[in-house]
A.B. asks: 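Structure provided below as structure tokens; questions to follow.
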Amino acid sequence: MEIIKKNNNIILTNCNNFSLEQTFECGQCFRFEQTSEGLYSGVALGRKLIIGQEKDIVTLYDVSESEFEQRWRSYFDLDRDYACILDRLSFDGRMREAVRRACGLRILRQEGWETLCSFIISQNNNIPRIKKIISSLCRLLGEQISEDAYSFPTAEKVAAAGIDGLAPIRSGFRAKYIIDAARKVSEGQINLSEIGSLEYLRAREKLMCIKGVGEKVADCVLLFAFGFYEAFPKDVWVKRIIDKYYGEDFEADYFGENAGIAQQYLFYYERSLLKESVCEE
DNA sequence: AGCCAGGGTCTGC
DNA sequence: GCAGACCATGGC
């Protein structure tokens with residue numbers, strides 16, 4: 001990868017194993033949308049970002065070199081050698097198949113509180129509605145950072161709103177869970193800045209003290225925000241995948257230290273198979 | 001109308 | 001430890 005500064009943009013050339021579409025449409029992140037021009041636009045790390053891709057050339061619009069280094073290099077996890085990781089995971093035939101179809105999915109390094117809150121909202125819910133609820137939460141309690149963009153509200157702000165204050169976002173039974181998380185984070189009972197330095201199972205246990213956070217939600221937060229690549233979130237899709245391709249005696253450690261990456265590739269793979277079969281109608 | 005969605009809690013065995 | 005009811009909401 002090479003970094004070029006041009007006008008007010010940052011251009012990344014030779015971007016291997018990086019697809020914006022796969023990275024943003026794989027269900028790890030709910031705040032980026034494709035624009036009518038084929039770009040992706042969204043808010044992360046308190047900033048609005050517009051980013052586009054032409055083959056292996058990625059352009060971050062209106063981003064300075066220091067902002068790229070400070071924020072987006074780690075957010076997109078650009079220093080991780082995905083070619084090597086995917087090659088190692090391809091000892092498994094199904095993973096080989098998944099990688100053959102899509103090899104540009106990257107696990108983002110998202111913010112802890114936003115990810116925690118987002119995956120509490122995700123429970124027993126579907127992706128379009130998760131996006132809608134998060135979007136209205138940001139509009140309700142976040143800071144306006146441009147004409148059409150709002151930051152993710154702080155835990156303090158959400159805690160102050162209370163369950164009744166969340167009524168407009170229509171999150172249903174999840175509102176009480178969001179508030180419990182917001183209280184525990186803002187009062188320091190859960191210190192998100194130390195989660196990443198704990199051992200995986202300790203960190204998981206800690207997150208699961210929050211009402212509405214079980215194993216699956218905790219694993220998503222650990223994987224998508226804190227770099228625990230051994231976390232292997234099992235939602236209905238992944239359970240289906242295990243049933244279909246692996247069977248009863250499957251263990252989450254089958255894929256080893258990068259099980260979470262494998263999980264995300266398989267999740268994306270299985271959903272793309274479904275979309276394909278729907279299109280054929 | 002009924003089922004499902006990147007689940008979790010609570011109760012009862 | 002495990003099964004089952006229940007939880008809000010919206011799209012199909």
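Below, all heavy atoms of this structure are taken into account, side chains as well, without hydrogens, waters or symmetry copies. Throughout, a chain's letter reflects where its sequence line sits, starting with A, and its residues are numbered from 1.
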A.B. asks: Could you pull out the protein-nucleic contacts involving nucleotides 10-12 of chain C (nitrogen or oxygen on both sides, under 3.5 Å)?
C.D. replies:
from: C/dG10; atom 1: OP1; to: A/R170; atom 2: NE; distance (Å): 2.7

A.B. asks: Clusters formed by hydrophobic residues whose side-chain heavy atoms approach within less than 4.5 Å: which one holds A/L39, and what are its other members?
C.D. replies: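 Once heavy-atom contacts under 4.5 Å are chained together, A/L39 belongs with A/I50, A/Y61.
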A.B. asks: Does the ring centre of A/F250 sit less than 6.0 Å away from the ring centre of A/Y254?
C.D. replies: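 Yes, close enough.
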A.B. asks: Taking only residues two or more places apart in sequence, or in another chain, which ones meet A/F30 in a ring pair (Phe, Tyr, Trp, His ring centres under 6.0 Å)?
C.D. replies: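 Checked A/F30 against ring pair (Phe, Tyr, Trp, His ring centres under 6.0 Å); matches are A/F119.
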A.B. asks: With sequence neighbours excluded, what pairs up with A/Y177 under the ring pair (Phe, Tyr, Trp, His ring centres under 6.0 Å) test?
C.D. replies: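 A/Y177: no ring pair (Phe, Tyr, Trp, His ring centres under 6.0 Å) contacts found.
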A.B. asks: Roughly how many Å is it from CD1 in A/I121 to P in B/dG7, rounded to a whole number?
C.D. replies: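 That distance rounds to 13 Å.
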A.B. asks: Whole-Å distance between B/dG6 C1' and A/R31 CZ?
C.D. replies: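 Computing the A/R31:CZ to B/dG6:C1' distance gives 18 Å.
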A.B. asks: Can you tell me the distance, in whole Å, between the CD1 atom of A/I178 and the P atom of B/dG7?
C.D. replies: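 Nearest whole value for this atom pair: 15 Å.
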A.B. asks: Does A/K216 have any side chain to side chain donor-acceptor pair (under 3.5 Å) partners at least two apart in sequence or in another chain, and if so, which?
C.D. replies: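 In terms of side chain to side chain donor-acceptor pair (under 3.5 Å), with neighbours along the sequence ignored, A/K216 is linked to no residue.
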A.B. asks: Could you tell me the separation between the CD1 atom of A/I130 and the C1' atom of C/dT9, rounded to a whole number of Å?
C.D. replies: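 Distance check: A/I130 CD1 to C/dT9 C1' gives 12 Å.
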A.B. asks: Would you call A/E69 and A/R73 a salt bridge, using N to O less than 4.0 angstrom?
C.D. replies: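 Judged by the 4.0 Å cut-off on N to carboxylate O distance, A/E69 and A/R73 do form a salt bridge.
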A.B. asks: Could you measure between the two C1' atoms, the one in B/dT9 and the one in C/dG10, and give it in whole Å?
C.D. replies: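 Their C1' atoms lie roughly 23 Å apart.
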A.B. asks: By the 4.0 Å heavy-atom rule, please label A/Y268 as base, sugar-phosphate, or nothing.
C.D. replies: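 If one applies the 4.0 Å heavy-atom cut-off, A/Y268 turns out to touch nothing in the nucleic acid.
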A.B. asks: Figure out the CD1/P separation between A/I169 and C/dA8, and round it to whole Å.
C.D. replies: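 For the pair A/I169 CD1 and C/dA8 P, the rounded distance is 14 Å.
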A.B. asks: Among residues 101-119 of chain A, which ones have heavy-atom contacts with DNA chain C below 4.0 Å?
C.D. replies: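 Of all residues in residues 101-119 of chain A, none places a heavy atom under 4.0 Å from DNA chain C.
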A.B. asks: So A/Q264, base contact, sugar-phosphate only, or nothing? Heavy-atom distance under 4.0 Å.
C.D. replies: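 Base, at least one base heavy atom under 4.0 Å.
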A.B. asks: Give the B/S/- string for nucleotides 8-13 of chain B, one per nucleotide from 5' to 3', where a protein heavy atom under 4.0 Å of the base yields B, of only the sugar-phosphate yields S, and otherwise -.
C.D. replies: SSS---
A.B. asks: Taking the hydrophobic residues Ile, Leu, Val, Met, Phe, Trp and Tyr, and joining any pair whose side-chain heavy atoms are under 4.5 Å apart, which ones share a cluster with A/I3?
C.D. replies: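 Cluster partners of A/I3: A/M1, A/I10, A/L12, A/F18, A/L20, A/F24, A/F32, A/Y40, A/L45, A/L49, A/I51, A/V58, A/L60, A/V63, A/F68, A/W72, A/Y75, A/F76, A/L78, A/L108.
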A.B. asks: Which donor-acceptor pairs under 3.5 Å do the side chains of residues 134-142 of chain A make with protein atoms, sequence neighbours left out?
C.D. replies:
from: A/S135; atom 1: OG; to: A/R139; atom 2: NH2; distance (Å): 2.9
from: A/S136; atom 1: OG; to: A/K132; atom 2: O; distance (Å): 2.8
from: A/S136; atom 1: OG; to: A/I133; atom 2: O; distance (Å): 3.2

A.B. asks: Over how many whole Å does the gap from A/D235 atom CG to B/dG6 atom C1' extend?
C.D. replies: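 Atom CG in A/D235 sits about 4 Å away from atom C1' in B/dG6.
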A.B. asks: Without hydrogens or angle criteria, can the side chains of A/S90 and A/D92 be said to hold a donor-acceptor pair below 3.5 Å?
C.D. replies: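 Result is no, nothing qualifies.
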A.B. asks: Centroid distance below 5.5 Å plus an interplanar angle below 30 degrees: do A/F267 and B/dG6 meet both conditions?
C.D. replies: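 Stack criterion met.
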A.B. asks: Applying side chain to side chain contact (heavy atoms under 4.5 Å, CB included), run through A/D77 and A/Y82 and close with a yes or a no.
C.D. replies: CA-CA 10 Å; A/D77 202 16; A/Y82 268 76; 4.2 Å; yes
A.B. asks: Is a side-chain donor-acceptor pair under 3.5 Å present for A/Y269 with A/R94?
C.D. replies: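 Yes, side-chain donor-acceptor contact under 3.5 Å.
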A.B. asks: Output yes when A/D219 and A/K234 qualify as a salt bridge under the 4.0 Å nitrogen-oxygen rule, no when they do not.
C.D. replies: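 Salt bridge absent between A/D219 and A/K234.
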A.B. asks: Can you tell me how far P of B/dC4 sits from CD1 of A/I127, to the nearest Å?
C.D. replies: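 It works out to 18 Å between those atoms.
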A.B. asks: What integer distance in Å separates A/F173:CZ from C/dA8:P?
C.D. replies: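 Distance, rounded to whole Å: 8 Å.
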A.B. asks: Under the rule for ring pair (Phe, Tyr, Trp, His ring centres under 6.0 Å), what residues qualify as partners of A/Y200, not counting sequence neighbours?
C.D. replies: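 Ring pair (Phe, Tyr, Trp, His ring centres under 6.0 Å) check on A/Y200 returns nothing, list empty.
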A.B. asks: State which residues pass salt bridge (Lys or Arg N to Asp or Glu O under 4.0 Å) with A/K131; sequence neighbours excluded, sorted by chain then number.
C.D. replies: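 A/K131 satisfies salt bridge (Lys or Arg N to Asp or Glu O under 4.0 Å) with A/E33 once adjacent residues are dropped.
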A.B. asks: Using the P atom in both, what is the distance from C/dC6 to B/dG6, to the nearest Å?
C.D. replies: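 About 24 Å, rounded to a whole number of Å.
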A.B. asks: Are there any protein N/O atoms within less than 3.5 Å of an N/O atom in nucleotides 2-6 of chain C, and if so, which ones and at what distance?
C.D. replies:
none

A.B. asks: Phosphate oxygens OP1/OP2 of B/dG6: is one of them under 4.0 Å from a side-chain N or O of A/R271?
C.D. replies: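 A/R271 to B/dG6 OP1/OP2: side-chain N or O found under 4.0 Å.
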A.B. asks: For A/C29, which contact category applies under a 4.0 Å heavy-atom criterion: base, sugar-phosphate, or nothing?
C.D. replies: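 Result for A/C29 = nothing.
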A.B. asks: Start with the C-alpha distance between A/Y265 and A/F255, add both sets of side-chain angles, then the distance that settles side chain to side chain contact (heavy atoms under 4.5 Å, CB included), and finish with yes or no.
C.D. replies: CA-CA 12 Å; A/Y265 270 81; A/F255 286 111; over 6 Å; no
